[in-house]
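One structure is given below, encoded as structure tokens.
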Amino acid sequence: MKNYSINTKCVQGGYTPGNGEPRQIPIYQSTTFKYNTSEDMGKLFDLEASGYFYSRLQNPTNDLVAAKITELEGGTAGMLTSSGQAANFFALFNICEAGSHIVASSSIYGGTFNLISVTMKKMGIDVTFVDPDCTEDELNAAFKENTKVVFGESIANPALTVLDIEKFANAAHAHGVPLVVDNTFPTPVNLRPLEWGADIVTHSTTKYMDGHGSAVGGAIIDGGKFDWMAHADKFPGLCTPDDSYHGITYAEKFGKEGAFITKCTAQLMRDFGCTQSPQSAFILNLGLESLHVRMPRHVENGQAVAEFLEAHDKVAYVNYPSLPSNKYYEIAKKYMPNGGCGVVSFELKGGRAAAEKFMKALKLAAIETHVADARTCCLNPATSTHRQMNDEQLRAAGVPAGLIRISCGLEDKNDLIADIAQALEAI
Ligand SMILES: *Cc1c(COP(=O)(O)O)cnc(C)c1O
């Protein structure tokens with residue numbers, strides 16, 4: 001599939017059936033796999049041969065879908081996980097251990113912020129958060145002797161900040177560490193971070209990749225370019241023998257292209273077991289088959305809704321990177337010339353009271369915490385996800401009480417705008 005466009009890879013990537021084989025990816029709903037001799041199976045355990053023995057580690061359905069996402073991102077190896085949370089945890093913990101330090105953008109998904117700042121901290125891993133808009137000097141100043149990885153989101157959920165991937169990649173590489181980018185919102189259809197210097201890409205496939213609100217899942221893709229052995233002292237987990245796995249040195253045996261994902265599967269999937277079910281992987285693949293058709297429509301609807309809101313006198317401001325008024329307009333154009341995603345946020349002039357009336361009046365847009373679904377969904381953080389905060393605290397956190405997040409689905413944009421217009425009328 002290498003020479004085909006991303007559109008074709010969405011449809012046919014990852015799986016090419018042989019003569020008389022199923023046209024669609026088979027669901028291997030089996031926990032285990034059968035062998036004729038113990039020697040055959042022993043070779044799998046020694047990572048001497050590739051194959052399947054237990055679905056906690058690897059499953060053929062999952063591997064076919066991971067192979068498709070790997071092709072879409074332009075990576076060399078990939079794996080599915082049970083959720084986006086698991087993908088980000090594995091991607092970071094595959095590099096870090098107690099005593100390590102992470103440099104991360106402060107503008108990231110709340111779940112990931114908590115994972116890094118609270119849970120991984122308890123594991124002895126430290127973090128310095130940096131403003132994604134910081135200068136190169138400020139970014140470089142965040143690094144320490146024990147920094148092992150840099151992390152950011154290509155388009156942050158829900159702040160919609162756009163990461164300057166080249167700036168972050170250059171700083172990471174100058175300090176001999178890789179850059180991990182969570183590329184959930186733009187998807188590889190609109191942005192491929194590996195092409196801009198990122199080393200590893202993660203996804204919550206729960207969002208646009210599945211796209212139908214059907215299956216929770218995650219993915220990790222390795223670009224295969226980071227030279228672990230060139231900085232062997234920083235990455236003992238990849239560059240020294242793994243006593244828990246027959247003394248294998250991953251970076252030696254599997255090279256730049258395969259070391260990261262092999263270690264992540266052999267160690268972290270073995271020990272934590274955050275496996276995606278083959279059923280969910282099958283559903284994810286159905287979503288991927290139309291990702292290149294859906295993303296442009298999400299973008300078209302997001303742009304139309306953002307422009308309508310910006311011109312409305314009850315709206316204080318609109319946050320959407322592809323609006324010329326947006327702070328990230330130029331950088332969004334550079335990294336995502338075809339647009340980013342369908343998520344738009346805006347603040348109502350009337351604050352909390354206006355937001356309550358607006359939300360109540362919506363007919364098409366459903367109230368959900370979810371985003372990136374085929375069906376438009378809407379959230380007022382002040383009355384839902386952030387309801388423990390008062391108005392003052394909300395403003396300080398950048399989510400004022402009148403802030404609305406709308407994830408534009410695949411409906412007709414005129415119907416969406418009409419729904420929003422009548423809800424604004426109700427204020
Ligand atoms: C939703 C989300 C996650 C977490 O993914 P889950 O599949 O819900 O575990 C991580 N990163 C981003 C950017 C997200 O939007």
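Counting starts at 1 for both ligands and their atoms, following the listed order. All heavy atoms count here, side chains included; hydrogens, waters and symmetry mates do not.
In this structure, Thr275 contributes its side chain and Arg56 its backbone to a donor-acceptor pair below 3.5 Å. Side chain of His212 to main chain of Ser214: no donor-acceptor pair is present (N/O by atom type, distance under 3.5 Å, no hydrogens or angles). In terms of modelled atom types and a separation under 3.5 Å, the side chain of Ser384 and the main chain of Asn380 share a donor-acceptor contact.
The environment of Tyr4 atom OH is sparse: at most 12 non-hydrogen atoms of other residues, nucleotides or ligands sit within 6.0 angstrom. Counting non-hydrogen atoms of neighbouring residues, nucleotides and ligands closer than 6.0 angstrom, the CD atom of Glu136 reaches no more than 12 such neighbours.
Close approach to Gly217 involves these atoms of ligand 1, each under 4.0 Å from a residue heavy atom: 7 (O). Taking every non-hydrogen atom of Asn157 and a distance limit under 4.0 Å, the qualifying atoms of ligand 1 come out as 14 (C), 15 (O). Applying the 4.0 Å criterion to heavy atoms of Gln85 picks out, from ligand 1, the atoms 4 (C), 5 (O), 6 (P), 9 (O). Residue Glu153 approaches ligand 1 through these ligand atoms, each under 4.0 Å from one of its heavy atoms: 13 (C).
Considering only non-hydrogen protein atoms, atom 6 (P) of ligand 1 sits nearest to Gly84 N, 3.4 Å. If you check which protein heavy atom lies closest to atom 7 (O) of ligand 1, you get Thr206 OG1, 2.6 Å. Protein heavy atom in closest approach to atom 15 (O) of ligand 1: Lys207 NZ, 2.7 Å. Summary of contacts: the protein heavy atom closest to atom 12 (C) of ligand 1 is Asp182 OD2, 3.4 Å.
Between Phe235 and His231, the two ring planes are perpendicular [angle over 60°; tilted spans 30° to 60°].
At a 3.5 angstrom cut-off on N or O pairs, Ser204 counts as close to ligand 1.
Test Val201, Ile6, Ile221 against Arg192 for side-chain contact (heavy atoms from CB on, under 4.5 Å) and you get one pass: Ile6.
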